[in-house]
Amino acid sequence: MKFKKRTHTCGELSELQIGESVVLNGWVDNRRDLGGVIFIDMRDRYGITQIVFEPTFNLQAHEDGKDLRSEYVISIEGTVRKRPEGTENVLLSTGFIDVMVEKITLLNHAVTPPFQIKDDLDVNEDLRLKYRYLDLRRSKMQKNMVMRHKVCQIARKYFDENSFLEVETPVLMKSTPEGARDFLVPSRLHKHKFYALPQSPQQYKQLLMVSGLDRYFQIVKCFRDEDLRADRQPEFTQIDVEMSFVDTEGVFEIVEGLVKQFYKEIKNYDLQLPLKRLPFKDAMEKYGSDKPNLKFDLEMVTLNDVFAASEFRVFKEAVENKGIITSLLAKGCGEYTRNQLDGLTDFVKKMGAGGLIWMRVKEDGLEAPIAKFLTDEEKQNIIDRTNAKPGDLVFILSGPKLKTLTIMGNLRLEMAKRMDIIPKNDIPALLWVTDFPLFEWDEETKRFYAMHHPFTSPDVDDIQYMESDPGRVKARAYDLVLDGNEIAGGSIRIHNSELQKLMFKALGISSEEAEEKFGQILNAFKFGAPPHGGIAFGLDRLVMLFAGESSIRDVMAFPKTSSGTSLMDDCPSFVDDHQLKDLHIKLR
RNA sequence: GGGGCUGUAGUUCAGUUGGUUAGAACGCCUGCCUGUCACGCAGGAGGCCGCGAGUUCGAGUCUCGUCGGCCCCGCCA
């Protein structure tokens, strides 16, 4: 089919081109046939231009224009004309001109789409996902794709300017059962053996440091076979970074520079550096989260000392079991009904809390179901420590430390929503969470796991406790948190094979097992590994937050459903028997 | 693995206590209309009420199961 190359896109014509002959290619967006004259909004990625079919201007074009329908693909030749006085559309950048059509070429028909290609139309997400290629025609989705592209380009430019090399790492690699579940790929050439898709290029980027590449980055797909969430997909993209001869400060400096650049170019916002830092312990105790949302002012207060000698059984147990008693002050919520309080009790119980203690603050003190178990001094201390005023509500939770703090942290977020104290402005609440524990105790398997990953360096002062008291060892690990979302995480790594062996030992991994699973990295470290560290951004999450979306699906071109399927191409799917035979796989 | 929400024209939804022929808006089709831009006006087509059992004289509505979607907890080094 013959058609002319476009002279302009649908987003760029203005009064500057009045009188010019132009060619536009694009889609029929909206059609307004007034009988004597037909207006069509012609759409492409760049915008919308109104084209006009008028019989007095061109009789044949007007005849042809009658047959056009939504989403037809067309090429038109015409003349740019200033719109008549009073018919300008100020909502469109091209709204001061029309293109009077002289010739129209129909490039393709289109059946009526399953949903209208409009931004303000509510469509169920499953339908959008099934027809993702149509969903992506909507300008909102195109804006998101453009923003994602911009974030990548800003990162590439920034890293390039700072001497980072973009290096590709393998997608087929060895399975490392520490951490998330791997996606496995069966090997045809090697019977009964499997590749794994990377959860992150962690080991490769460390090996690149051993190679002396000094500064590496990669915008890279990662895969984790875990249950999904609004901000979690089985395959996702990281901006992966690693640097040699740096400590925590060196990583922070580079990352903060990048984040500043993001805000400058995407939000036109001047981010003040350095960013706030908060040790993990404080984050947990004040906000009940390792990714605290500091957009609003609401802090938890630990009350263990207040109840150190309490006779109230619940508190007494918490103190004796080295648990925690934490409180949250809900200002002005003293009038909450019993029904509301029961709802909040259910809320915390669902997360595993034994119950929720609440106290209404009155002029003459505390009113609460548990008041009779507390001394006057304890009551007064609660008021003083939480800074409660009459009309307020105090929540108290007690139990095992991390679990209880986490539940209170969720209650904090819930109360912030109910109290409507989360500002809707664009000012980012960015901070570093630092000093994570190196190890995390797992009740189920009764052993320590690496909280970050097994290559994370311990705090130098804590190495002495790695065997005797692993729980108190702090890691040189850090997360970057934006408005309550973890957008990046990293650490200074171990670069010494002896320390790495000690780490594996502390994790209960035998030297044989370590050799088998991580032999390459232990071996590499013997050959002069430089001190190094790095970080990885969750690109999807970052773009989601920049775009103001609440799901990363809306910033991914072809995402999966929350059960990990693709409604568009219907995967995962069954495969032919001969494929399985090639792979030496028998299904049960 | 657990909890919650959800499924009715192409789309978004309404549908009363279980009761006649399941409605609205948008979209689609036809006709009229020369300055619309959510064009307007007139007319029309369009339904396996996700699927399967059950209760009932009678089920979109009640019960059970099942499939899909969304959100959360666990999980996510």
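All of these numbers come straight from a predicted model, not from anything done at the bench. In what follows, every chain begins at residue 1, and chains take the letters A, B, ... in the order their sequences are listed.
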Between side-chain atoms of residues 54-61 of chain A and protein atoms elsewhere (two or more places apart, or another chain), which donor-acceptor pairs fall under 3.5 Å?
| residue | atom | partner | partner atom | Å |
| --- | --- | --- | --- | --- |
| A:Asn58 | OD1 | A:Gln60 | N | 3.2 |
| A:Asn58 | OD1 | A:Ala61 | N | 3.0 |
| A:Asn58 | ND2 | A:Glu102 | O | 2.9 |
| A:Gln60 | NE2 | A:Asp64 | OD1 | 2.9 |

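- Judged as a ring pair (Phe, Tyr, Trp, His ring centres under 6.0 Å), and not counting sequence neighbours, A:His8 has no contacts.
- Listed by chain and number, the residues in a salt bridge (charged side-chain N to carboxylate O under 4.0 Å, His left out) with A:Glu12 amount to none (sequence neighbours excluded).
- Using the Watson-Crick or G-U wobble rule with both distances under 3.5 Å, B:rC29 pairs with B:rG43.
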- Task: Summarise protein proximity over nucleotides 34-45 of chain B in one line of letters, 5' to 3': B for base, S for sugar-phosphate only, - for none, counting protein heavy atoms closer than 4.0 Å.
- Result: BBBB-B------
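- Listed by residue number, A:Arg69, A:Ser70 are the residues of residues 60-70 of chain A with a heavy-atom contact under 4.0 Å to RNA chain B.
- Around atom CZ of A:Arg32, more than 12 heavy atoms belonging to other residues, nucleotides or ligands sit under 6.0 Å away.
- Taking the six-membered ring where tryptophan is involved, the planes of A:His453 and A:Phe455 are tilted, since the angle between them lies from 30° to 60°.
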All N/O pairs under 3.5 Å across the protein-nucleotides 1-4 of chain B interface:
| residue | atom | partner | partner atom | Å |
| --- | --- | --- | --- | --- |
| B:rG1 | O6 | A:Asp227 | OD2 | 3.4 |

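- Looking at residues two or more places apart in sequence or on another chain, you find a side chain to side chain contact (heavy atoms under 4.5 Å, CB included) between A:Asn25 and A:Phe3, A:Arg6, A:Val23, A:Ser75.
- Outside the 6.0 Å centre-distance limit, the rings of A:His495 and A:Phe525 are not counted as a close aromatic pair.
- For the pair A:Arg128 and B:rU12, the criterion of a side-chain N or O lying under 4.0 Å from OP1 or OP2 is not met.
- Residues forming a ring pair (Phe, Tyr, Trp, His ring centres under 6.0 Å) with A:Phe504 (at least two apart in sequence, or on another chain): A:Phe518.
- Here A:Arg83 does not pair with A:Glu88 in a salt bridge; the nearest charged N to carboxylate O distance is not below 4.0 Å.
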Any N/O pairs under 3.5 Å between the protein and nucleotides 67-69 of chain B? List them or say none.
| residue | atom | partner | partner atom | Å |
| --- | --- | --- | --- | --- |
| B:rG69 | OP1 | A:Thr561 | OG1 | 3.2 |
| B:rG69 | OP1 | A:Ser563 | OG | 3.3 |
| B:rG69 | OP1 | A:Thr565 | OG1 | 2.9 |
| B:rG69 | OP2 | A:Ser563 | OG | 3.2 |

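- Scored by the ring pair (Phe, Tyr, Trp, His ring centres under 6.0 Å) test, A:Phe183 finds no partners at all (sequence neighbours excluded).
- The partner of B:rA22 is absent, by the rule that a Watson-Crick or G-U pair needs both atom distances under 3.5 Å.
- Remark: B:rC49 base-pairs with no nucleotide in the shown strands. Criterion, Watson-Crick or G-U wobble with two distances under 3.5 Å.
- At a cut-off of 3.5 angstrom, the base of B:rC76 holds at least one donor-acceptor pair with the side chain of A:Arg232.
- Distance, A:Gln199 CD to B:rC75 C1': 13 Å, rounded to whole Å.
- Nucleotide B:rC70 forms a Watson-Crick or G-U wobble pair with B:rG4, both donor-acceptor distances falling under 3.5 Å.
- With sequence neighbours left out, the ring pair (Phe, Tyr, Trp, His ring centres under 6.0 Å) criterion links A:Phe395 to no other residue.
- Scanning for salt bridge (charged side-chain N to carboxylate O under 4.0 Å, His left out) contacts around A:Lys350 gives an empty result, with sequence neighbours left out.
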